[in-house]
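Lettering follows sequence order; numbering is per chain, from 1. Being a predicted model, the structure only gives us computed values, none of them experimental.
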Amino acid sequence: MKFEVVIGLEVHVQLNTKTKLFCSCPTSFNEAENSNTCPICLALPGALPVINREAVHKAIQLGTAVGATVNRESKFDRKNYFYPDSPSGYQISQFYYPIVENGHIDISSRRVQIARAHLEADAGKNTHEAGGSKVDLNRAGTPLLEIVTAPDMRSSDEAIEYLKKLHSIVRYIDISDANMQEGSFRCDANVSIRPEGDEKLYTRVEIKNINSFRFIQKAIDFEVERQIEAWEDGVYEDEIWQETRLYDSAKNETRSMRGKEEASDYRYFPEPDLLEVRISEETVKEFSKIPELPHQKEERYQEELGLSKYDAGVIASSKELASFFEEILKSGASTKNSVSWLTVELLGRLNKKSLEISESPVNSQKLSDLILAIDSKTISGKAGKDVLDYLFENEISVDVAIEKLGLKQVNDDSAILKIIDEVLSKNPDKLEQYRNGKDKLFGFFVGQVMKASKGSANPQKVNELLKGKL
Amino acid sequence: MNIDDTLLEKLEKLSYLEIESSKRADVEEELSRILNFVENLQSVDTAGLPDKFIMRDIEAHLRDDKPLKNEEVPNSILENAPHREENSFFVPKIIE
């Protein structure tokens, strides 16, 4: 039997506000344990939450970016559960009336519907030790925007494509640093299978705690396999039930978090300590003005600059890469060289060293200088690669690097002709053969001239002049 | 609504509490009494009211995103914690 995979994703984006969602505690990272806390986020009796305006604004921006409805009225609810990371015994979230609904992100094979995005408070952190657990509540109350899709994706590849697009969007509109390792972009995947052609949704399993794109893909693939095997072995009903499973990247497997009978029961009810959030038309208007989005940039690069769809997609996929590219263009460097020197040469070297564009030892100014030197034929493309390698190791200017490496391209006819004469006089036999019709030897002469010039001669010029001489 | 033994067991699980067997009957009776009292609310006619209904037609006040930090507050709370380890609260083991 052939199966269809059905995936829905929930992403928790930690908003980059200065303060928590319901109190004025800073959201700064790496502080001493529990130093960013107050009676509100520690849930002392009588302390009352007050909503952070900026978190509401960021939700409006996300809503706009994914073409969603920003609800002018939304409400908060309590999601009840007992765990030491939440001192109140409940999480304040938006269950019945979320702030954002009905958006979408287009991936290459289909449109993924975003059912809703709602504001909620993050929990604290537990560190498990022998004899007990340490509780740090610095993160408790940090604003999260949970973005939930419909069960629209049909493979782990589609899920990853959606996630990368969403990740890029939240960074473009600057509502989160979306750092996956630090947990500011966290993904839960709801995975089920069904016989191909079947319209019904079968039992979904939620996989939690996955902190990289690669692991999300592996976790989904493992879970799909597990469900298909259970179906084929005739034990689907017994082994697959609606539950939350944890992904263990070391063993590459998903594991049940609790027994079958102990289904969670969050007993949602309206948060009595908070009134309805109402957003005025002016506020919606003001925060609907968002920067150019990745797909818009991608289209503009193709239409205005004539980039290929692939190149435009690579460059527009990250905000940092796109602004790096635009800075190079501003310097007057040619588009063609800018694209290849950024996406092939620079990114290739950065990938080898596992560096992000923001950590590049060669900044946009230096890469512009290098491309301009190539554009103006001051150095050859081949020499440019050596210069770039040299710039990765040495903090010097492009001019100095070219000078040091002696790579300045020779464009001067007389200098090249002098080398050509030397090469010809050293190889009278080959010259003879060539003149007798052995055309293939032309390449040999070009090679010898380039070698004699230590690669600095302009190859086009060498070709031209050599043809004349022969 | 009455709380029976099955429901009490579920509540124990959800709340991570264990009720001693000698006290079960009393707790069941007390919880049932509380629920029955709350059930008085059912006598209010809410037909036609929106489920977002609130007593006064006002909206939430929103706060500016300005940080405030007073470490004396968490310090004094930590001092009152039953168990602490340096700056962390310390709780019984929660993962088997």
Side-chain angles (χ1 to χ4, degrees), chain A residues 17-20 22-28 31-39 42 44 50-57 73 75-76 80-85 87 89 96-97 124-138 261-262 264-265 267 270 274-279, chain B residues 1 3 6-19 31 34-35 38 41 46 49-96:
Chain A
T17 54
K18 295 188 191 77
T19 66
K20 294 185 178 180
F22 298 118
C23 61
S24 298
C25 287
T27 48
S28 46
E31 303 277 343
E33 295 90 344
N34 292 304
S35 62
N36 286 352
T37 58
C38 74
L42 293 175
L44 296 202
V50 187
I51 303 163
N52 182 344
R53 186 190 311 279
E54 195 61 19
V56 172
H57 295 166
E73 296 180 353
K75 285 192 63 153
F76 285 92
N80 297 281
Y81 72 97
F82 282 94
Y83 202 67
D85 64 1
Y96 297 105
Y97 296 97
K125 258 185 192 157
N126 299 318
T127 315
H128 306 295
E129 293 184 347
S133 295
K134 278 159 82 172
V135 183
D136 173 13
L137 297 168
N138 278 350
E261 320 75 46
E262 297 170 71
S264 51
D265 178 352
R267 294 149 292 143
L274 287 168
L275 290 160
E276 189 173 85
V277 180
R278 293 189 190 152
I279 305 172
Chain B
M1 185 184 185
I3 306 274
T6 326
L7 190 49
L8 187 60
E9 267 169 35
K10 189 183 174 196
L11 292 174
E12 286 179 273
K13 258 177 200 161
L14 287 170
S15 60
Y16 284 81
L17 290 175
E18 208 174 313
I19 312 289
L31 285 175
I34 292 168
L35 285 180
V38 173
L41 290 172
T46 56
L49 283 180
D51 56 0
K52 280 199 275 183
F53 175 81
I54 41 171
M55 294 297 282
R56 286 180 64 202
D57 188 24
I58 46 173
E59 63 189 275
H61 164 73
L62 304 183
R63 191 189 86 239
D64 287 340
D65 189 27
K66 284 192 189 130
L68 277 176
K69 191 163 173 165
N70 179 359
E71 290 200 36
E72 274 175 42
V73 176
N75 284 341
S76 64
I77 293 171
L78 269 167
E79 270 163 33
N80 282 293
H83 303 287
R84 65 183 283 186
E85 208 180 281
E86 290 168 26
N87 291 319
S88 291
F89 297 99
F90 201 72
V91 299
K93 212 169 160 73
I94 39 181
I95 271 190
E96 304 77 51

Largest heavy-atom contact set with chain B, pairs under 4.5 Å, which of Pro26(A), Gly131(A), Ala55(A): Pro26(A)
So which of Val277(A), Thr17(A), Leu137(A) has the largest heavy-atom pair count under 4.5 angstrom toward chain B? Thr17(A)
In chain order, what residues pass the side chain to side chain contact (heavy atoms under 4.5 Å, CB included) check against Leu275(A), with sequence neighbours excluded? Ile54(B), Ile58(B), Ala60(B)
How close do Arg278(A) and Asp57(B) get, heavy atom to heavy atom, and via which atoms? NH2-OD1, 2.7 Å
Side chain, backbone, both or neither: which part of Phe76(A) has a heavy atom under 4.5 Å from chain B? neither
Taking all atoms of both residues into account, what is the closest heavy-atom pair of Cys23(A) and Arg63(B), and its distance? O-NH2, 2.9 Å
Should the heavy atoms of other residues, nucleotides or ligands under 6.0 Å from NZ of Lys69(B) be counted, would the total exceed 12? yes
Closest non-hydrogen contact found for Glu129(A) with Phe90(B) is OE1-CE1, 3.8 Å
Measure from the side-chain N and O atoms of Asn34(A) to the backbone N and O of Asn87(B), and report whether any donor-acceptor pair falls under 3.5 Å. yes
Are Ile77(B) and Thr37(A) close enough that some pair of their side-chain heavy atoms sits under 4.5 Å apart? no
Got a second to check how far Asp136(A)'s CG is from Glu86(B)'s CD, nearest 0.5 Å? 12.0 Å
The reported gap from CG in Asn126(A) to CZ in Phe89(B) (rounded to nearest 0.5 angstrom) is 12.0 Å
Relative to chain B, which segment of Leu42(A) carries a heavy atom at a distance below 4.5 Å: side chain, backbone, both, or neither? side chain
Among Leu274(A), Val50(A), Ile51(A), which one satisfies side chain to side chain contact (heavy atoms under 4.5 Å, CB included) with His61(B)? Val50(A)
Residue Pro270(A) versus chain B: region with a heavy atom under 4.5 Å: neither
How long is the span from the CG atom in Leu78(B) to the OG atom in Ser35(A), to the nearest 0.5 Å? 10.0 Å
Roughly how far, to the nearest 0.5 Å, is the NZ atom of Lys18(A) from the CG atom of Asp64(B)? 10.0 Å
d(Lys134(A) NZ, His83(B) NE2) to nearest 0.5 Å is 15.5 Å
Lys66(B) side, atom NZ; Glu54(A) side, atom CD - distance, nearest 0.5 Å: 11.5 Å
Asn52(A) and Asp65(B): side chain donor to acceptor below 3.5 Å: yes
